[in-house]
Number of protein chains: 2
Amino acid sequence: MHPRYARIADELRAAILGGELPVGAPLPSETVLAARHGVARGTIRQAVAVLTAEGLVGSRQGARRIVLGRERSQNFAVLHSFAEWARAAGHEVTGQVIDQRRRAADAAEAARLGLAVGDPVLRVLRLRRLDGVAVLLERTVYAGWLAPAVERLPADCDSVTRALYESRGLVFAYGEHLIDAVAAGTEDARLLGVRRGGPLLRQRRVTTTREGRPAEWSDDRYRAGSVTFAIRNAAGALAVHPQD
Amino acid sequence: MHPRYARIADELRAAILGGELPVGAPLPSETVLAARHGVARGTIRQAVAVLTAEGLVGSRQGARRIVLGRERSQNFAVLHSFAEWARAAGHEVTGQVIDQRRRAADAAEAARLGLAVGDPVLRVLRLRRLDGVAVLLERTVYAGWLAPAVERLPADCDSVTRALYESRGLVFAYGEHLIDAVAAGTEDARLLGVRRGGPLLRQRRVTTTREGRPAEWSDDRYRAGSVTFAIRNAAGALAVHPQD
DNA sequence: GCACAGAACTTGTTCAAACAAGCTAGGGAC
DNA sequence: GTCCCTAGCTTGTTTGAACAAGTTCTGTGC
């Protein structure tokens, strides 16, 4: 059972997405909403805070809240899991491990993962296809304590994130992402089927468990034109999701 | 005078950034913080909510809050203003208008800016340099009502955002951003000094006033290797800032 | 020594009330 | 008709209280 404020937020979100509250329209005032739902104003404020964080409504002290947009950003899970995003967007996603081996962490890897140089890590090279087309090349380094769980996964595992959640209860809760453009190297060009030196969108990321323990470090390269990151920001709140 | 919860948040943030609360350490409990500052627990909860949104601390019901990181993300202003970010990061930034002309909005521009096809808009082509090196080519379309204010700006204006704020009190409060990689076109290559077909990081964005009125639509292309977008997310909250 | 059951603690949710700060529409003065 | 100012509404901040839900640690029993 979701808490009360979450259900009120769901209801308001549905009204916005369904067009009952069109873009530009004012939301009912907090007092009205509180009376209508039979709750205290504080509970309404928690509900609208959720919508504000999603970028759906804006607010200024003294004036009524306004509906800003109708697109809900998928928020954050997508930055951790290509497969989760693709499935939600209605695409068929497949994965294939090309190379996988254990080795000792070098200085850069150790720094990113909070390990000592020489600690064991697992390096995986994985190619992802979207509706049959190769679009993403992942070079991932997993911390040693994760290696056994990752090695047990099948080579064509679709969603590593989901598999690790189901087998180990592991949740990737925090992350840092660096996004830039790079020229395709020889291996990139061959596997993704693009010209060497052509544009690739690169996302480097560190993902961390709920406890703040670094779990994986990855260099992901997307074929240009296949994926776009969409960021929506609304005075203090942001949301990010890849797009077609 | 900032509200009480904001000052408490500032104090906690300083403790984290200063190393008194190292990464991995637990925050004092809400009850302790409330007693220490002489406020109600609700006020403390607002303060730590700020830090959670910044990705500095994480929390799970029942367990003490944990310090997750020491880097504060500059949050959102930077996505609107290249100049503001560069100055904050200690770089010298210059700008130069290469072309500027009024014209009628085409279908794509009208849709992005919420105008009718044929409505007047102002198109500006601007080259930005960071420490003397050309790194960013901006193709910006301003809604007609903004054109007079923009045309009054000097051709070498550093920060358009700041100038519009100072001259018109205009604040860019919301935005949508699409980030991907593209190959450099002929004009891109010439002005940015890169090879044609080489990688560029593209940021397309719509910026909106506080009232939800679209103000500008821009296609910004960064020379590869010059700028990286950094995104940090923490279970529901995100922050974005460009990096070197 | 180890496992299990609680006790104590911590964060999450909700309520009711009060005042502060900012916006808007309507009424009065000109 | 136009301008300004205020009354009333709306969001922002804060208090204090209570219970729910989850975690951690202690101590007992085996």
Side-chain angles (χ1 to χ4, degrees), chain A residues 1-12 21 24-53 56-68 169-171 173-174 209-213 234-237, chain B residues 1-12 21 24-53 56-68 169-171 173-174 209-213 234-237:
Chain A
M1 192 56 122
H2 290 285
R4 198 73 203 275
Y5 75 86
R7 276 180 291 160
I8 295 173
D10 289 344
E11 202 175 310
L12 287 171
L21 290 171
L27 240 61
S29 80
E30 295 176 357
T31 321
V32 170
L33 287 172
R36 187 182 300 170
H37 290 89
V39 299
R41 188 162 75 105
T43 306
I44 296 295
R45 285 182 66 77
Q46 282 199 65
V48 295
V50 172
L51 301 182
T52 304
L56 290 178
V57 305
S59 77
R60 295 140 66 202
Q61 183 172 115
R64 289 268 285 282
R65 261 174 262 264
I66 299 176
V67 177
L68 285 178
L170 197 64
V171 178
Y174 305 100
T209 67
R210 269 195 306 211
E211 295 78 30
R213 190 178 187 190
Chain B
M1 192 56 122
H2 290 286
R4 198 72 203 275
Y5 75 86
R7 276 179 291 158
I8 295 173
D10 289 344
E11 201 174 311
L12 287 171
L21 290 171
L27 240 61
S29 79
E30 295 176 358
T31 320
V32 169
L33 286 172
R36 187 182 301 171
H37 291 89
V39 298
R41 188 163 76 104
T43 305
I44 296 296
R45 285 182 67 77
Q46 283 200 65
V48 294
V50 173
L51 301 182
T52 305
L56 290 177
V57 306
S59 78
R60 294 142 64 202
Q61 182 173 120
R64 289 266 287 281
R65 261 175 262 264
I66 297 177
V67 177
L68 286 177
L170 196 65
V171 178
Y174 305 101
T209 67
R210 267 193 309 208
E211 295 78 30
R213 191 179 187 189

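Within every chain, numbering begins at 1; the chains are lettered A, B, ... in the order of the sequence lines, protein sequences first and strands thereafter.
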Are the side chains of [X] and [Y] in touch, meaning some heavy atoms are under 4.5 Å apart?
X        : Y        : answer
Asp10(B) : Val50(B) : no
Arg64(A) : Ser29(A) : yes
Arg65(B) : Pro26(B) : no

Assess the residue pair Gln46(B) and Arg4(B) against the criterion (side-chain contact (heavy atoms from CB on, under 4.5 Å)); give the C-alpha distance rounded to whole Å, side-chain angles, the decisive distance to 0.1 Å, and a yes or no. CA-CA 10 Å; Gln46(B) 283 200 65; Arg4(B) 198 72 203 275; over 6 Å; no
Rounding to a whole Å, what distance do you find between Leu33(A):CG and dC9(D):P?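 After rounding, the gap between these two atoms is 17 Å.
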What's the separation between atom OG in Ser59(A) and atom CD in Glu30(A), rounded to the nearest 0.5 Å?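 Rounded to the nearest 0.5 Å, the OG-CD separation comes out at 8.5 Å.
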Whether the side chain of Thr43(B) engages the backbone of Val39(B) through a donor-acceptor N/O pair (distance < 3.5 Å, no angle test) should be reported. no
Per-nucleotide protein contact string for nucleotides 11-21 of chain D (B base, S sugar-phosphate only, - none; heavy atom under 4.0 Å): BBBBS--B--B
For Ala63(A), check side-chain contact (heavy atoms from CB on, under 4.5 Å) against everything at least two apart and list the hits. Arg60(A)
For a side-chain contact (heavy atoms from CB on, under 4.5 Å) check, start with the C-alpha distance between Ile66(A) and Leu27(A), then their side-chain angles and the critical distance, and finish with the verdict. CA-CA 6 Å; Ile66(A) 299 176; Leu27(A) 240 61; over 6 Å; no
Taking N or O atoms only and anything under 3.5 Å, show me the protein contacts with nucleotides 3-6 of chain C, one pair per line.
none

